[in-house]
*Asks:* 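Can you read through this structure? Questions will come right after.
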Amino acid sequence: MTDYQKHLVEKFKVSSFDDFYAFPLFFELETVNVCNARCSICTINEWKSETPFMEDDLFFRLADEINSHSDTVRIVNLSRDGEPFLDSGLEERIAYFKKGGIKFTTLSTNAALLNEKRILSVLASGLDDIMFSVDGATKNTYENIRIGLSFEEVTENIRNFIRLRNASNSSTSVRIRMVMTPENMHEADDFKKMWQDVIGSGDKIQMKHLHSWGNQLQGFNAVTEYEKIYTPCSSPFTTCIIKSDGEIIVCPVDFKRKHINGSIMEKSIAEIWKNGKELNAFRQIHLEGGRNDIPMCEKCFLWDADISKVDMT
């Protein structure tokens with residue numbers, strides 16, 4: 001086993017490197033590929049999906065396979081590029097995974113659609129964790145980034161979520177995150193102060209550096225410059241990304257779908273994960289230390305949590 005392989009085995013505490021090829025540890029499942037915002041740090045204007053919402057038959061087909069591996073699957077994230085609360089069946093889908101034995105479910109949302117009915121519904125679904133994206137501590141900064149959303153509405157929705165969560169004795173944990181950009185990083189301390197008396201003991205306030213979407217974000221302006229990384233990215237070995245039409249892409253930042261590994265409409269997740277030519281090509285290049293030879297991977301720090309994320313709680 002090479003040093004690169006040992007690095008991944010130790011990082012994810014698996015018994016052998018072959019375990020990575022058996023079935024994904026993590027899933028990013030996109031049931032919605034549309035959004036109610038037009039954020040300046042997003043790539044939404046370049047999305048090309050012809051299937052904005054995942055069909056039920058497709059969802060239950062893949063969910064049944066994932067649930068059959070509930071002993072090894074660690075996390076199912078029911079969000080990717082779209083806003084998950086545009087999915088009217090979201091809560092039913094979360095509950096299906098929980099009833100199927102999935103230990104940890106999560107999702108990321110802009111919180112704009114969280115009225116009291118949806119809050120109570122998602123809490124009842126058994127969702128384990130929810131991450132709210134709030135990229136600013138003031139109205140002007142937030143609304144210049146999260147275009148189309150209201151700072152007052154979003155922050156009130158999050159406060160209501162926490163209040164109702166506490167009142168119902170739900171175990172859903174909350175993360176409130178600000179993506180740091182050159183336009184908002186001066187508000188980091190104010191962001192922490194804004195939320196530290198609102199969250200509960202098991203909740204977190206987080207900061208995350210703006211990333212380049214695989215060197216594809218137009219007008220990208222990094223918060224700080226990063227050196228090239230040579231250890232293999234963990235994503236090709238651990239995380240399966242399923243789009244709303246059933247296509248499985250190699251990398252979560254590949255919004256243009258340049259590297260499609262297969263489709264759940266044609267093969268099982270297990271088959272695609274183990275034998276997908278596109279994914280295995282990426283894996284080999286990363287294991288040989290050549291990640292910077294792939295344009296989408298060069299200097300990408302998205303899965304190196306120690307340098308890209310800051311826990312402020």
Side-chain angles (χ1 to χ4, degrees), residues 2 4-5 7-9 11-12 14 17-33 42-44 46-51 54 58 62 65-66 69 72-82 108 211-217 220 228-305 308:
T2 68
Y4 288 143
Q5 290 172 320
H7 164 76
L8 290 172
V9 168
K11 182 175 182 178
F12 292 96
V14 295
F17 192 75
D18 288 340
D19 291 349
F20 288 121
Y21 292 88
F23 202 72
L25 298 177
F26 311 110
F27 281 88
E28 290 194 358
L29 176 57
E30 178 188 84
T31 69
V32 174
N33 190 240
C42 185
T43 59
I44 188 169
E46 298 179 73
W47 296 356
K48 297 178 180 179
S49 174
E50 296 181 358
T51 309
M54 180 175 284
L58 172 59
L62 62 87
E65 185 177 359
I66 294 171
H69 291 267
T72 58
V73 172
R74 299 182 184 181
I75 298 176
V76 173
N77 181 347
L78 284 98
S79 58
R80 171 68 314 247
D81 292 341
S108 173
H211 67 89
S212 66
W213 285 93
N215 302 304
Q216 300 175 98
L217 181 63
F220 173 69
K228 291 184 177 181
I229 303 167
Y230 294 94
T231 52
C233 176
S234 60
S235 180
F237 300 93
T238 62
T239 307
C240 181
I241 306 96
I242 306 178
K243 303 293 284 183
S244 57
D245 58 2
E247 283 191 339
I248 295 178
I249 56 176
V250 168
C251 177
V253 301
D254 188 14
F255 60 92
K256 293 183 179 180
R257 306 198 194 194
K258 295 179 179 178
H259 305 282
I260 298 172
N261 196 45
S263 171
I264 192 63
M265 304 296 289
E266 301 170 357
K267 296 180 180 180
S268 70
I269 296 171
E271 290 177 294
I272 296 169
W273 182 251
K274 183 177 181 179
N275 301 316
K277 293 182 179 180
E278 195 78 7
L279 180 57
N280 280 329
F282 265 69
R283 287 167 171 162
Q284 190 60 37
I285 292 171
H286 275 252
L287 287 173
E288 294 172 353
R291 64 185 287 173
N292 293 293
D293 297 329
I294 304 173
M296 198 169 64
C297 302
E298 183 181 7
K299 290 188 177 182
C300 177
F301 57 81
L302 193 56
W303 283 269
D304 294 271
S308 68

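Treat the numbers as computed from the prediction; the structure is a model and nothing was measured. Below, all heavy atoms of this structure are taken into account, side chains as well, without hydrogens, waters or symmetry copies.
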*Asks:* Find the distance between CD1 (Ile264) and SG (Cys240) and round it off to the nearest 0.5 Å.
*Replies:*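 Between Ile264 CD1 and Cys240 SG, I get 8.0 Å after rounding to 0.5 Å.
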*Asks:* Tell me which one of Phe26, Phe12, Phe23, Phe17 satisfies ring pair (Phe, Tyr, Trp, His ring centres under 6.0 Å) with Phe237.
*Replies:*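 When ring pair (Phe, Tyr, Trp, His ring centres under 6.0 Å) is applied between Phe237 and each of Phe26, Phe12, Phe23, Phe17, only Phe17 qualifies.
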*Asks:* Is a donor on one side and an acceptor on the other found under 3.5 Å between the side chain of Arg80 and the backbone of Glu28?
*Replies:*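 No, because the side chain of Arg80 does not come within donor-acceptor range (under 3.5 Å) of the backbone of Glu28.
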*Asks:* What distance separates Asn275 CG from Tyr21 OH, expressed to the nearest 0.5 Å?
*Replies:*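 Between atom CG of Asn275 and atom OH of Tyr21 there are 11.5 Å.
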*Asks:* Roughly how far, to the nearest 0.5 Å, is CG of Leu58 from OG of Ser263?
*Replies:*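 Answer for the OG-CG pair, Ser263 versus Leu58, is 7.5 Å.
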*Asks:* Donor-acceptor check, side chain of Arg291 to backbone of Ile285, threshold 3.5 angstrom: yes or no?
*Replies:*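 Pair absent, no side-chain N/O of Arg291 close to backbone of Ile285.
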*Asks:* Under 3.5 Å, is there a donor-acceptor pair linking the side chains of Glu271 and Ser268?
*Replies:*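 There is such a pair (donor and acceptor under 3.5 Å, judged by atom type) between the side chains of Glu271 and Ser268.
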*Asks:* Suppose the criterion is ring-ring contact (aromatic ring centres under 6.0 Å, His included): which pairs have a residue in residues 270-292, not counting sequence neighbours?
*Replies:*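 Listed by first then second residue: His259-Phe282.
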*Asks:* What heavy-atom pair brings Ile242 and Ile248 nearest, and what distance separates the two atoms?
*Replies:*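 The answer is CG1-CG1, 3.9 Å.
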*Asks:* Search all heavy atoms of Ile241 against all heavy atoms of Ser235 and return the closest pair with its distance.
*Replies:*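 Answer, listing the atom of Ile241 first, then Ser235: CD1-OG, 4.5 Å.
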*Asks:* Under the criterion side-chain contact (heavy atoms from CB on, under 4.5 Å), I'd like the reasoning laid out for Ser234 against Thr239: C-alpha separation, chi angles, the key distance, then a yes or no.
*Replies:* CA-CA 8 Å; Ser234 60; Thr239 307; 6.0 Å; no
*Asks:* One pair to check against side-chain contact (heavy atoms from CB on, under 4.5 Å): Glu278 and Ile249. What are the steps and the verdict?
*Replies:* CA-CA 9 Å; Glu278 195 78 7; Ile249 56 176; over 6 Å; no
*Asks:* Ignoring hydrogens and geometry, is there a side-chain-to-backbone donor-acceptor pair from Ser79 to Ser108 under 3.5 Å?
*Replies:*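 Checked: pair present.
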*Asks:* Looking at every non-hydrogen atom in both residues, tell me the closest pair between Pro232 and Leu287 and how far apart they are.
*Replies:*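 Smallest interatomic distance, heavy atoms only, reads CB-N, 4.4 Å.
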*Asks:* Give a yes or no on whether the backbone of Thr51 and the side-chain of Asp245 come within a donor-acceptor separation of less than 3.5 Å.
*Replies:*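 No, because the side chain of Asp245 does not come within donor-acceptor range (under 3.5 Å) of the backbone of Thr51.
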*Asks:* Within this structure, what is the CG-NZ distance for the pair Asp254 and Lys243, rounded to the nearest 0.5 Å?
*Replies:*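 Rounded to the nearest 0.5 Å, the CG-NZ separation comes out at 8.5 Å.
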*Asks:* Of the non-hydrogen atoms in Glu30 and Gly82, which two are nearest, and what is the gap between them?
*Replies:*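 For Glu30 and Gly82, the tightest heavy-atom pair comes out as OE2-N, 4.1 Å.
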*Asks:* Counting only N and O atoms by type, is there a donor-acceptor contact under 3.5 Å from the side chain of Glu247 to the main-chain atoms of Ile260?
*Replies:*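 No, because the side chain of Glu247 does not come within donor-acceptor range (under 3.5 Å) of the backbone of Ile260.
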*Asks:* Between Val14 and Phe20, which heavy-atom pair has the shortest distance, and what is it?
*Replies:*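 Distance-wise, the nearest heavy atoms are CG2-CZ, 3.7 Å.
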*Asks:* What closest approach, in Å, do Leu62 and Ile269 show between heavy atoms, and which atom pair accounts for it?
*Replies:*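 For Leu62 versus Ile269, the nearest heavy atoms are O-CD1, 4.0 Å.
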